[in-house]
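Below is one structure; the comments refer to it alone.
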2 protein chains.
Amino acid sequence: MPVSPSQHAAPSSDVVTQAPRRSVRDEVEQSLRAGLLSGRFVPGHSVTLRGLAQELGVSPMPVREAVRALSAGNALEIRSNGRIQVPTMTPQRLSEILTARLLLEPELAFVAAANLGSADATALRKIDDRVDESLSGGDAETYMRENFAFHFHIYRAAGSQVLMPLVESLWLQFAPFMRTVYGRVGTAALDDHHKEAIAAVRSRDAGGLRDAIAADIRCGMDLLDRSSEEGLRDE
Amino acid sequence: MPVSPSQHAAPSSDVVTQAPRRSVRDEVEQSLRAGLLSGRFVPGHSVTLRGLAQELGVSPMPVREAVRALSAGNALEIRSNGRIQVPTMTPQRLSEILTARLLLEPELAFVAAANLGSADATALRKIDDRVDESLSGGDAETYMRENFAFHFHIYRAAGSQVLMPLVESLWLQFAPFMRTVYGRVGTAALDDHHKEAIAAVRSRDAGGLRDAIAADIRCGMDLLDRSSEEGLRDE
DNA sequence: TTCGGGCAAATGTGATCACAAATCGAAGGG
DNA sequence: CCCTTCGATTTGTGATCACATTTGCCCGAA
């Protein structure tokens with residue numbers, strides 16, 4: 001809704017927003033990432049440039065670039081006819097994603113362990129409490145957000161500007177699908193290995209942290225195997 | 001040079017171009033990827049939207065999206081002032097890239113081995129001949145293109161739509177820097193392990209192929225260590 | 001000669017328009 | 001009742017424009 005005749009968006013009405021240089025495109029991209037990671041986007045559903053633009057109150061232009069950036073990392077799919085949609089999942093694609101996670105994330109956690117201390121263990125404990133709470137409450141959306149926060153609080157400590165984007169790309173790819181899995185199987189069946197990870201962080205046991213993360217990923221694989229037994233839907 | 005008054009580019013004058021649906025943006029992106037992988041872009045050099053657009057004979061719009069897509073994978077860097085430049089390399093960033101390659105590529109080759117046969121071994125032999133030729137000739141640009149072709153002929157056989165983009169992203173990140181390394185150290189110092197890889201492909205030895213690829217990557221790491229002894233420039 | 005200051009050019013960003021292709025709907029014929 | 005057909009709408013794509021910011025360069029003063 002272009003209220004102002006000026007072509008640029010108003011600087012959010014605050015005197016000093018403190019934001020270094022937040023472009024509309026970045027805000028849109030972050031919004032889309034958050035939506036994908038929390039499972040607000042349903043796999044197979046098609047999204048439109050103008051639709052997203054109107055939903056976010058911006059012009060289609062920043063959305064176009066944000067969508068392009070996301071689709072470059074396979075977080076969104078651009079079909080041959082040009083339409084945009086949340087990627088669908090196939091069993092082998094999911095298997096590849098989990099294989100890649102198993103290759104990267106434990107190693108990333110291993111590196112991160114050196115930079116994690118008891119303060120981080122406490123913070124992780126707090127996040128994990130919210131994870132457990134949303135698990136028992138069955139709030140899949142909150143669970144996904146907090147589970148992401150848990151893992152990436154660890155990974156961020158590695159300070160890797162190369163591995164982190166790769167892992168983020170993987171999460172963006174499988175997150176929308178997980179949402180549907182939780183909706184079918186329920187979140188109660190989850191038995192993550194966060195407690196062991198926290199203990200490893202507190203005792204500065206890098207190898208233990210790596211193994212805990214690996215076990216956590218394998219747990220997700222088991223859940224999906226169980227889910228596929230109950231009939232895996234791709235569309 | 002908008003000769004035609006029509007807004008869309010002419011369909012390349014051919015009756016049936018056979019192209020399914022080549023958008024200008026995709027062509028631009030492929031062109032940029034090829035440029036990065038062959039080392040035509042110098043790290044630290046800044047590129048401009050309008051400059052690339054004029055160079056490729058298109059409007060800035062498709063370039064904008066292509067650059068956005070590449071910067072999403074850290075193949076191009078967008079500075080805080082908004083300017084675009086080929087990313088610079090730091091020792092730890094390079095170390096991270098090679099670590100990631102060592103985590104992903106040998107495993108990808110291991111998977112690919114099942115789908116590779118003697119025909120592929122012959123094709124790889126041909127590519128490797130051109131690699132050796134460009135090595136002795138000191139043609140760094142051709143070397144980089146053929147070396148890329150060699151590795152990705154193998155990786156492509158894995159049929160992975162998840163690991164492949166990750167590995168491609170890594171190559172796009174380190175390729176521009178390698179160009180400068182070859183320019184300083186020379187390509188003659190390279191002793192890749194392509195012959196062992198070809199032998200492993202021919203004998204369908206998955207483990208051997210994985211080890212050959214790992215050795216090849218480690219060889220690159222050694223070259224860089226040697227290069228940094230002679231003074232590593234970051235800017 | 002060297003260091004600022006200020007003006008012009010360049011650059012990224014966002015908006016809007018035009019157009020072709022695809023999609024979706026309803027109407028009509030089997 | 002189902003399928004085809006045709007027209008209106010939607011959608012992505014590319015081009016162009018306006019604007020804020022920054023960069024680059026030239027000129028003048030110390």
Side-chain angles (χ1 to χ4, degrees), chain A residues 1-12 16-17 19-32 44-72 76-87 235, chain B residues 1-12 16-17 19-32 44-72 76-87 235:
Chain A
M1 36 136 132
V3 180
S4 144
S6 166
Q7 280 186 323
H8 283 238
S12 73
V16 174
T17 44
R21 183 124 325 264
R22 292 280 291 178
S23 64
V24 179
R25 165 181 17 93
D26 290 341
E27 293 181 27
V28 171
E29 182 171 340
Q30 286 310 312
S31 175
L32 292 180
H45 258 217
S46 64
V47 294
T48 66
L49 256 33
R50 289 172 173 88
L52 288 175
Q54 185 172 2
E55 187 178 331
L56 299 173
V58 299
S59 91
M61 179 65 59
V63 180
R64 208 202 283 202
E65 293 190 52
V67 165
R68 183 59 47 182
L70 262 352
S71 72
L76 287 176
E77 183 181 348
I78 298 192
R79 308 198 53 129
S80 60
N81 54 12
R83 298 301 171 89
I84 309 155
Q85 72 171 34
V86 185
E235 61 254 336
Chain B
M1 33 128 143
V3 181
S4 143
S6 167
Q7 280 186 324
H8 283 237
S12 76
V16 174
T17 44
R21 182 120 330 263
R22 291 281 293 178
S23 65
V24 179
R25 165 181 17 94
D26 289 341
E27 293 181 28
V28 171
E29 182 172 339
Q30 287 310 312
S31 175
L32 293 180
H45 259 216
S46 63
V47 294
T48 66
L49 258 34
R50 289 173 174 87
L52 289 175
Q54 186 172 1
E55 186 177 332
L56 298 173
V58 299
S59 91
M61 179 65 60
V63 180
R64 208 201 285 201
E65 294 189 52
V67 165
R68 181 60 47 182
L70 289 174
S71 73
L76 287 176
E77 182 181 347
I78 298 193
R79 309 199 53 127
S80 59
N81 54 12
R83 299 303 169 90
I84 309 155
Q85 73 172 33
V86 185
E235 61 253 338

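Here is the naming used below: chain letters follow the sequence lines, and residue numbers restart at 1 for every chain. Values reported hereafter were calculated over all heavy atoms of this structure, with side chains retained and with hydrogens, waters and symmetry mates removed. What you are looking at is a predicted structure, and each value in this text was computed from that prediction instead of being measured.
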| query | The side chain of A:S59 lies closest to which of these nucleotides: D:dG14, C:dG12, C:dA15? | reply | C:dA15

| Residue mapping more 5' on DNA chain D - nearest nucleotide basis, B:R50 or B:E65 | B:E65

| request: Return each pair, listed once, that meets side chain to side chain donor-acceptor pair (under 3.5 Å) where at least one residue sits in residues 52-64 of chain B; pairs must be two or more places apart or across chains. | output: A:E65-B:R64

Just how far, in rounded Å, is [atom2] of [N] from [atom1] of [X]?
| X | N | atom1 | atom2 | result |
| --- | --- | --- | --- | --- |
| B:E29 | D:dG14 | CD | P | 12 Å |
| B:E55 | C:dT11 | CD | P | 13 Å |
| A:I78 | D:dG12 | CD1 | C1' | 9 Å |
| A:Q85 | D:dG12 | CD | C1' | 15 Å |
| B:R79 | C:dA10 | CZ | P | 21 Å |
| A:R83 | D:dG12 | CZ | C1' | 8 Å |
| A:M61 | D:dT13 | CE | P | 12 Å |
| A:L49 | C:dC19 | CG | P | 20 Å |

| Reckon A:I84 touches a base, only the sugar-phosphate, or nothing at all at heavy-atom distances under 4.0 Å? | sugar-phosphate

| query | Looking for any heavy atom pair under 4.0 Å, which part of the strands does A:V47 touch: base, sugar-phosphate only, or nothing? | reply | sugar-phosphate

| query | Atom CZ of A:R83 and atom CD1 of A:I78: how far apart are they, to the nearest 0.5 Å? | reply | 12.5 Å

| said: As an exercise, state the distance from CD of A:E29 to CG of A:L70, rounded to the nearest 0.5 Å. | reply: 5.5 Å

| At under 4.0 Å, does any side-chain N or O of A:N81 touch on OP1 or OP2 of C:dA21? | no

Is there a donor and acceptor pair closer than 3.5 Å between the side chain of [X] and the base of [N]?
| X | N | value |
| --- | --- | --- |
| B:R25 | D:dG14 | no |
| B:R64 | C:dG12 | no |
| B:R68 | C:dG12 | no |

| field | Comparing A:P60 and B:G82 on DNA chain C - which has the more 5′ nearest nucleotide | value | B:G82

| field | Set of residues satisfying side chain to side chain donor-acceptor pair (under 3.5 Å) with respect to A:E27, sequence neighbours excluded | value | none

| Evaluation steps, side chain to side chain contact (heavy atoms under 4.5 Å, CB included), between A:V63 and A:V58 | CA-CA 8 Å; A:V63 180; A:V58 299; 3.8 Å; yes

